[in-house]
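By convention in this document, chain letters (A, B, ...) are assigned in the order of the sequence lines, proteins followed by strands, and residues within each chain are numbered from 1.
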Amino acid sequence: GTRIIYDRKFLLQCRTSPLAR
Amino acid sequence: NRRRTVCPGAGEHPLQYNYTFWYSRRTPSRPASSQSYEQNIRQIGSVASVEQFWRFYSHLVRPGDLSGHSDFHLFKEGIKPMWEDESNRSGGKWIIRLRKGLASRFWENIILAMLGEQFMVGEEICGAVVSIRFQEDILSIWNRTSNDQTTTSRIRDTLRRVLNLPTNSIMEYKTHTDSLRDNSSFRNTKISI
């Protein structure tokens, strides 16, 4: 199936999203 | 054995695999037999999404702030961070020795690369470890098949890229069979420049 790939920049952006708090 | 114990929450970004954090600490004077190693290693939590990862990770002590002889391990759920585990038995690891002060930043970069599937080696990656020691700290990334040179070279090259290592930096590969034989994770490694 499809592989879920995230780059570092995207992962760091998710850190500040309300869902991650 | 791919049973997931946690699932991504609504609206969260799922990871390709679930991962489990482990922590271990030992008294350096005591020999690290495989039994005492298993007794000293503790599972501390699993994550299934990017957001769960950050929530968990933000509450952990940064590895560079740990003292003594301790390790954080982040492994795919279902794989124990032990040489003897079924998924590790034929595998090995790349080792990067770091001078004091670099562990926290390098650890974050290596695990972000792993969670984001940057290594492009199929199912080969098992997990990553940061080992806090007295003189230096050590990062390692474990893969399933130590004798698959295409895979191990690709992991090495990805590490150089994501950690931004100078091209002449020394990296060492050690098979878990060798670690079991000399009962040591980091002694007698094969050096590769």
Within a 6.0 Å radius of atom [atom1] on [X], are there more than 12 heavy atoms belonging to other residues, nucleotides or ligands?
| X | atom1 | value |
| --- | --- | --- |
| A:Arg3 | CZ | yes |
| B:Arg161 | CZ | yes |
| B:Arg42 | CZ | no |

With a 4.5 Å heavy-atom cut-off, do [X] and [Y] have their side chains touching?
| X | Y | answer |
| --- | --- | --- |
| B:Val50 | A:Arg15 | no |
| A:Tyr6 | B:Gln16 | no |
| A:Phe10 | B:Leu112 | no |

> So, B:Trp54 side chain and A:Leu11 main chain: donor-acceptor pair closer than 3.5 Å or not?
Replying inline: yes
Give, as side chain, backbone, both or neither, the part of [X] having an atom under 4.5 angstrom from any heavy atom of chain A.
| X | result |
| --- | --- |
| B:Ala113 | neither |
| B:Phe53 | neither |
| B:Gln52 | neither |
| B:Gln118 | side chain |

> Using a cut-off of under 4.5 Å for heavy-atom pairs, which of A:Ile5, A:Ile4, A:Leu12 has the most such pairs with chain B?
Replying inline: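 Option with the greatest count: A:Ile4.
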Verify same cluster id: [X], [Y] (apolar side-chain graph, 4.5 Å):
| X | Y | result |
| --- | --- | --- |
| B:Ile141 | B:Phe186 | no |
| B:Val6 | B:Tyr57 | no |
| B:Ile95 | B:Val121 | no |
| B:Leu60 | B:Ile110 | yes |

> Is A:Arg8 paired with B:Glu117 through a side-chain N to carboxylate O contact shorter than 4.0 Å?
Replying inline: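 Here B:Glu117 does not pair with A:Arg8 in a salt bridge, since their nearest N and O are not under 4.0 Å apart.
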